[in-house]
J.: 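Supplied in structure tokens, the structure appears directly below.
Scope of the values below: all heavy atoms of this structure, side chains included, with no hydrogens, waters or symmetry mates.
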Amino acid sequence: MIRGRLTNSNNDVQENVFWITMTDLLLGLAVIFIVLFVLAMTGFTQAKLQEQQLKSEVAKDLAKELNDKNINAQIDLSTGAVKLSDLQLFELGSYQLSEDGKAFLNKFIPIYLNAVYSNPKIADKVVNIVIQGHTDSQSFAGVSSKDLQFVKNMELSTQRANEVAKYIFYTPYNKAYSAKLHKMLIVEGKSFSQPVIVNGKEDYNKSRRVELQLVVKNSNLQDFMGLVK
């Protein structure tokens with residue numbers, strides 16, 4: 001009987017040691033996972049900041065060039081987005097480029113593309129150049145439905161963006177950029193979905209615009225988890 005009790009006691013000790021060991025192992029794995037996750041998140045955040053910095057570099061270079069040549073354009077220095085007023089490009093209610101609009105693009109586009117593509121560090125990261133058309137929310141005459149108003153404005157905003165995209169290829173830009181443009185250029189119509197609000201009210205003049213936006217290579221968490229394995 002004593003021998004049996006000793007055997008059971010030894011088994012209990014061995015089981016306790018096993019579970020203690022497993023607990024330590026699981027705890028160790030959890031700590032490792034947390035460390036890897038923190039490293040991944042840190043790298044992920046840094047990459048996002050680098051993407052933002054990249055757009056900012058383009059915006060600053062572009063702003064300097066445009067300022068030196070007395071060309072007026074609204075540039076967001078944090079995102080790299082360029083906003084062109086419809087009055088710079090089109091007659092009111094039209095999607096046909098005005099002569100002043102063509103003259104403006106003849107000067108603006110070569111500077112813009114050079115700012116994007118002349119620096120290899122930037123050019124290699126740019127995935128797309130998106131040209132977006134935007135309208136204000138004022139009603140078309142004779143159209144009562146809000147949905148139809150949106151559709152009419154969608155059509156107008158898309159046509160305007162497309163006219164700018166088409167005219168790019170008539171401007172005196174560096175033709176070495178053509179192959180990249182063919183792959184990267186995207187046209188979007190936004191209708192009145194993104195109005196410009198000033199003091200709580202829509203600014204109709206500012207809402208009617210064409211924007212040029214850069215899309216750079218995205219970094220995702222999975223990529224960084226792979227790097228720290």
Side-chain angles (χ1 to χ4, degrees), residues 58-59 62-63 65-67 69-76 79-117 126 128-175 177-198 201-215:
V58 174
L62 180 61
E65 287 292 320
L66 293 176
N67 184 63
K69 292 181 169 56
N70 295 316
I71 300 174
N72 183 35
Q74 183 182 349
I75 304 172
D76 189 323
T79 66
V82 181
K83 298 180 181 181
L84 307 177
S85 168
D86 72 317
L87 296 178
Q88 286 177 292
L89 304 175
F90 310 99
E91 299 294 339
L92 189 64
S94 172
Y95 66 87
Q96 298 290 341
L97 286 167
S98 65
E99 292 305 311
D100 287 343
K102 293 177 182 178
F104 175 83
L105 291 177
N106 283 337
K107 294 183 292 184
F108 169 78
I109 291 299
I111 295 173
Y112 180 81
L113 294 181
N114 196 56
V116 174
Y117 291 129
V126 175
N128 293 112
I129 296 175
V130 181
I131 301 178
Q132 288 183 346
H134 297 260
T135 67
D136 62 37
S137 61
Q138 296 182 97
S139 299
F140 279 90
V143 181
S144 57
S145 165
K146 193 68 173 177
D147 288 340
L148 290 180
Q149 289 288 351
F150 182 82
V151 171
K152 290 280 288 183
N153 278 285
M154 177 66 76
E155 181 180 7
L156 177 59
S157 62
T158 304
Q159 288 172 326
R160 285 180 168 178
N162 195 52
E163 285 299 303
V164 172
K166 286 196 304 185
Y167 195 75
I168 284 177
F169 297 101
Y170 294 96
T171 63
Y173 73 95
N174 186 340
K175 298 304 177 180
Y177 304 149
S178 290
K180 292 183 177 181
L181 277 174
H182 295 169
K183 295 179 181 179
M184 296 181 179
L185 207 57
I186 293 176
V187 171
E188 294 179 348
K190 294 299 214 178
S191 190
F192 50 74
S193 62
Q194 297 178 5
V196 175
I197 306 299
V198 178
K201 295 182 178 180
E202 179 181 359
D203 187 314
Y204 295 129
N205 291 331
K206 291 182 178 180
S207 291
R208 299 190 303 270
R209 66 200 188 275
V210 172
E211 290 192 16
L212 286 83
Q213 300 180 359
L214 295 177
V215 179

J.: For Asn128 and Leu185, indicate whether the former's side chain and the latter's backbone hold a donor-acceptor pair under 3.5 Å.
T.: no

J.: Are Ile109 and Phe169 side-chain neighbours, meaning at least one heavy-atom pair lies under 4.5 Å?
T.: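 No, every pair of side-chain atoms sits at 4.5 Å or beyond.
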
J.: Decide yes or no for Leu214 and Ile129: does some side-chain heavy atom of the first lie under 4.5 Å from some side-chain heavy atom of the second?
T.: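 They are in side-chain contact.
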
J.: State, to 0.1 Å, how close Met154 and Gly189 come at their nearest heavy-atom pair, and which atoms those are.
T.: SD-O, 2.8 Å

J.: Under the 3.5 angstrom rule, does the side chain of Ser94 hit a backbone N or O of Gln96 as a donor-acceptor pair?
T.: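 Indeed, once roles are kept as given, a pair shorter than 3.5 Å links the two residues.
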
J.: What is the minimum heavy-atom distance between Gly133 and Ala161, and which atoms define it?
T.: N-CB, 3.6 Å

J.: Answer yes when Glu155 and Lys152 have at least one side-chain N-carboxylate O distance shorter than 4.0 Å, and no when they do not.
T.: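 Looking at Glu155 and Lys152, the cut-off is not met.
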
J.: Might you point out which heavy atoms bring Arg160 and Glu91 nearest each other, and give the distance in Å?
T.: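 Nearest heavy atoms, Arg160 then Glu91: NH2-O, 3.7 Å.
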
J.: Could you state the interatomic distance from OH (Tyr112) to CG (Leu105), rounded to the nearest 0.5 Å?
T.: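 With rounding to 0.5 Å, OH (Tyr112) is 12.5 Å from CG (Leu105).
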
J.: Between Asp136 (side chain) and Gln138 (backbone), is there a donor-acceptor pair under 3.5 Å?
T.: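 Yes; at least one donor-acceptor contact below 3.5 Å.
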
J.: So, do Ile75 and Leu66 sit near enough that their side-chain heavy atoms are less than 4.5 Å apart?
T.: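 Contact flag for Ile75/Leu66 side chains = yes.
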
J.: Can you name the nearest heavy-atom pair linking Leu97 to Glu163, along with the distance?
T.: CD1-O, 3.9 Å

J.: Does the plane of the ring in Phe150 sit parallel, tilted or perpendicular to the ring in Phe192? Use 30° and 60° as the thresholds.
T.: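 Aromatic pair Phe150/Phe192 classed perpendicular.
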
J.: Would you say Thr158 and Tyr95 are linked by a side-chain donor-acceptor pair, where the criterion is simply a distance under 3.5 Å?
T.: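 Tyr95 vs Thr158: no donor-acceptor pair found between side chains.
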
J.: Taking the side chain as every heavy atom from C-beta outward, state whether Tyr117 and Asn174 have any atom pair closer than 4.5 Å.
T.: no

J.: Which pair of heavy atoms, one from Ala59 and one from Gly80, lies closest together, and at what distance?
T.: CB-CA, 3.7 Å

J.: Please examine the side chains of Asn114 and Glu65, heavy atoms only from C-beta on, and report whether any two atoms are closer than 4.5 Å.
T.: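 Side chain of Glu65 against side chain of Asn114, heavy atoms only: no contact under 4.5 Å found.
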
J.: Taking atom OH of Tyr170 as the centre, report whether more than 12 heavy atoms of other residues, nucleotides or ligands fall under 6.0 Å from it.
T.: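 It does not: Tyr170 OH has 12 such atoms or fewer within range.
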
J.: Does a side-chain heavy-atom distance below 4.5 Å link Ile111 with Leu62?
T.: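 When only atoms from C-beta onward are counted, Leu62 and Ile111 do touch, with a gap below 4.5 Å.
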
J.: Check whether any side-chain N or O of Gln149 sits under 3.5 Å from a backbone N or O of Phe140 as a donor-acceptor pair, and report yes or no.
T.: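 Yes; judged by distance alone, with no hydrogens or angles, the pair exists.
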
J.: Between Lys102 and Glu99, is there a salt bridge with N-O shorter than 4.0 Å?
T.: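 Here Glu99 pairs with Lys102 in a salt bridge, since their nearest N and O are under 4.0 Å apart.
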
J.: On a heavy-atom basis, which atom in Lys206 and which in Arg209 lie closest, and how many Å separate them?
T.: O-CD, 3.3 Å

J.: State, yes or no, whether a side-chain contact exists between Tyr177 and Val116 at a heavy-atom distance under 4.5 Å.
T.: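 No, side chains not in contact.
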
J.: Distance check, rounded to the nearest 0.5 Å: Ile131 atom CD1 versus Lys166 atom NZ?
T.: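 So the gap between those two atoms works out to 12.0 Å.
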
J.: Once rounded to the nearest 0.5 Å, what's the spacing between atom CD of Gln213 and atom NZ of Lys83?
T.: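 Between atom CD of Gln213 and atom NZ of Lys83 there are 8.5 Å.
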
J.: Do any N or O atoms from the side chain of Glu202 and from the backbone of Ser137 form a donor-acceptor pair under 3.5 angstrom?
T.: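 Checked: pair present.
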
J.: Does Ser98 use its side chain to pair, donor to acceptor, with the backbone of Leu89 at less than 3.5 Å?
T.: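 The answer is yes, because a donor-acceptor pair under 3.5 Å joins these two groups.
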
J.: If you measure from CD on Glu188 to CG on Asn162, what distance do you get to the nearest 0.5 Å?
T.: 12.5 Å

J.: Can you check whether Tyr173 reaches Lys175 side chain to side chain, under 4.5 Å on heavy atoms?
T.: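 Yes, at least one pair of side-chain atoms sits under 4.5 Å.
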
J.: Please round to the nearest 0.5 Å and tell me the distance separating atom CG of Leu113 and atom CD1 of Ile168.
T.: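 CD1 of Ile168 is found 6.0 Å from CG of Leu113.
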
J.: What class does the angle between the rings of Phe104 and Phe108 fall in, given that below 30° is parallel, 30 to 60° is tilted and above 60° is perpendicular?
T.: parallel

J.: Going from NE2 on His134 to CD on Glu211, what distance comes out if it is rounded to the nearest 0.5 angstrom?
T.: 4.0 Å

